[in-house]
Amino acid sequence: MDVPTWVWALTVAAIVAMLTFDFIGHVRTPHAPTLKESGTWSAIYVAIAVVFGLLVLWFAGGTYGGEYFAGYITEKSLSVDNLFVFVLIMASFAVPRELQQKVLLFGIAFALVLRTVFIFIGAAAIENFSWIFYIFGGFLLYTAWAQARSGGHDDEEEFKENAVLRLTRRVLPTTETYHSDRLTAKVDGKRYITPLFIALIAIGSADILFAVDSIPAIFGLTQETYLVFTANAFALLGLRQLFFLIDGLLDRLVYLAYGLAVILGFIGVKLMIHALHENELPFINGGEHVTAIPEVPTWLSLLVILVTLLVTTVASLAANRRTRADAARAGAGPAPVAADTAAEAVRSGPVTGTGEARDEARRREPAAREN
């Protein structure tokens with residue numbers, strides 16, 4: 001697929017423009033988006049991604065169009081699973097609901113930059129080392145196994161700070177309370193970072209881990225750098241709105257982890273087969289290509305992804321109906337689950353900490369003189 005430089009430039013400019021519009025139109029003034037607003041803009045971003053895919057189909061043909069849609073749907077599905085972690089982060093840092101959009105948008109922008117770097121590194125590796133497909137395929141098979149084994153997120157799961165966050169807290173002085181949507185605040189003549197800044201680092205560091213499985217997954221569906229980039233970009237662009245649209249529904253997708261395990265496992269096998277076709281390793285078939293197993297066509301990849309997601313969603317909703325019906329017959333309401341609890345915590349007040357620590361923070365921290 002030969003993509004002219006001007007098409008790359010136009011695409012990047014359009015994506016930057018959409019991020020800028022998101023910041024100026026929705027995030028610059030802190031507010032909690034309504035369900036209608038989130039639903040409308042989620043639909044708009046999905047429509048933009050679909051229209052782009054249709055343009056690829058029109059100008060580049062069915063093969064590349066199918067690869068783009070397979071990549072976009074896979075990345076979007078992985079993003080939905082990632083939203084659960086975002087909910088836990090928001091709850092852990094008690095981010096006020098009106099500030100969550102800003103945290104998510106900056107996190108998405110960071111993720112887009114980071115994934116772009118990973119994409120070009122991956123493309124260069126594939127171009128020069130055909131054996132990289134074995135590594136990608138093996139990693140996805142392991143990820144699929146781990147995903148299926150864990151069964152997703154358990155009811156007691158909590159967000160645990162990583163080394164980056166612990167180092168940040170140790171090195172940089174942090175206020176105990178939020179100061180509107182400020183990332184830093186001056187208190188008693190000294191500059192501090194706010195919990196909002198820490199939450200941004202948490203989202204950004206989580207995005208690094210998300211990229212580790214999403215990039216090999218999409219390279220298993222297409223090796224076209226342009227399609228990999230655009231599928232990732234369009235999947236990320238609507239993530240902020242999707243968070244507010246389904247943050248209370250995540251607990252109902254009880255089989256999502258298993259569906260993603262099937263998809264990642266399928267792509268891992270597909271990569272292994274492709275690696276055998278491209279084989280140059282001397283200890284495998286004497287360095288000759290292994291073509292006994294035919295490569296998986298794009299249409300089959302797309303079909304497997306769509307059917308898996310459909311079955312996963314239907315099975316999840318059916319399981320939730322049975323659970324609620326059983327609870328109703330037992331004379332009790334449905335038991336709260338992790339995502340419900342986390343979503344409720346996300347809507348909590350703007351002061352971090354609990355009990356005496358929170359009261360003490362209110363007493364001893366004067367009004368910030370913010371610049």
Side-chain angles (χ1 to χ4, degrees), residues 19 22-23 27 30 32-33 78-115 117-118 150 152-154 156-185 191-215 232 235-237 239-244 246-248 250 338-354 357-358 361:
L19 284 171
D22 235 4
F23 179 79
V27 177
L78 291 170
S79 296
V80 171
D81 190 49
N82 297 342
L83 287 179
F84 193 98
V85 178
F86 290 168
V87 170
L88 293 178
I89 291 174
M90 296 294 186
S92 176
F93 291 98
V95 181
R97 194 159 177 82
E98 65 272 13
L99 301 182
Q100 291 170 24
Q101 292 199 93
K102 186 170 186 175
V103 175
L104 286 170
L105 185 59
F106 277 94
I108 288 168
F110 174 80
L112 187 54
V113 172
L114 182 70
R115 291 193 187 194
V117 173
F118 284 0
S150 68
H153 310 278
D154 60 59
E156 303 299 325
E157 184 172 0
E158 296 180 357
F159 174 73
K160 297 178 177 60
E161 292 191 0
N162 55 37
V164 175
L165 284 177
R166 292 194 296 270
L167 179 63
T168 301
R169 287 187 184 278
R170 194 177 304 122
V171 173
L172 299 176
T174 309
T175 65
E176 294 292 336
T177 59
Y178 286 89
H179 295 273
S180 183
D181 62 341
R182 301 280 185 174
L183 299 179
T184 64
R191 178 67 62 179
Y192 291 82
I193 64 172
T194 69
L196 188 66
F197 188 94
I198 298 293
L200 279 173
I201 296 176
I203 293 287
S205 57
D207 282 327
I208 296 176
L209 298 179
F210 298 156
V212 171
D213 59 7
S214 67
I215 299 303
N232 264 276
L236 286 172
L237 280 172
L239 196 58
R240 177 183 63 81
Q241 294 83 358
L242 193 62
F243 173 87
F244 292 99
I246 69 172
D247 67 346
L250 288 172
D340 284 331
T341 305
E344 182 62 30
V346 167
R347 297 175 175 83
S348 63
V351 181
T352 59
T354 56
R358 181 182 298 178

Checklist line | salt bridge (Lys or Arg N to Asp or Glu O under 4.0 Å): pairs with one or both residues in residues 106-115, sequence neighbours excluded | finding: Glu75-Arg115
Notebook entry, point to check: Do Leu239 and Leu104 pass the side-chain contact (heavy atoms from CB on, under 4.5 Å) test, and can you show the C-alpha distance, the side-chain angles, and the key distance before you say yes or no?
Noted result: CA-CA 8 Å; Leu239 196 58; Leu104 286 170; over 6 Å; no
Going from [atom1] on [X] to [atom2] on [Y], what distance comes out if it is rounded to the nearest 0.5 angstrom?
X	Y	atom1	atom2	value
Phe110	Ile201	CZ	CD1	10.0 Å
Ile215	Leu78	CD1	CG	10.0 Å
Leu105	Gln100	CG	CD	13.5 Å
Ile203	Ile108	CD1	CD1	9.0 Å

Item checked: Sequence-distant partners of Leu200, side chain to side chain contact (heavy atoms under 4.5 Å, CB included), two or more places apart -> Val103, Phe106, Leu183
Note to self: Run the side chain to side chain contact (heavy atoms under 4.5 Å, CB included) test against Tyr192 and tell me which residues pass, sequence neighbours left out.
What the structure shows: Pro173, Thr175, Val187, Lys190
Note to self: Tell me the closest heavy-atom pair linking Ser214 and Asn232, and the distance in Å.
What the structure shows: OG-OD1, 4.3 Å
Check: Minimum heavy-atom separation for Ala235 to Ser79, with atom names?
Finding: O-OG, 4.3 Å
Check: With distance as the sole test, does Gln101 use its side chain to make a donor-acceptor pair with the main-chain N or O of Arg240 at under 3.5 Å?
Finding: no
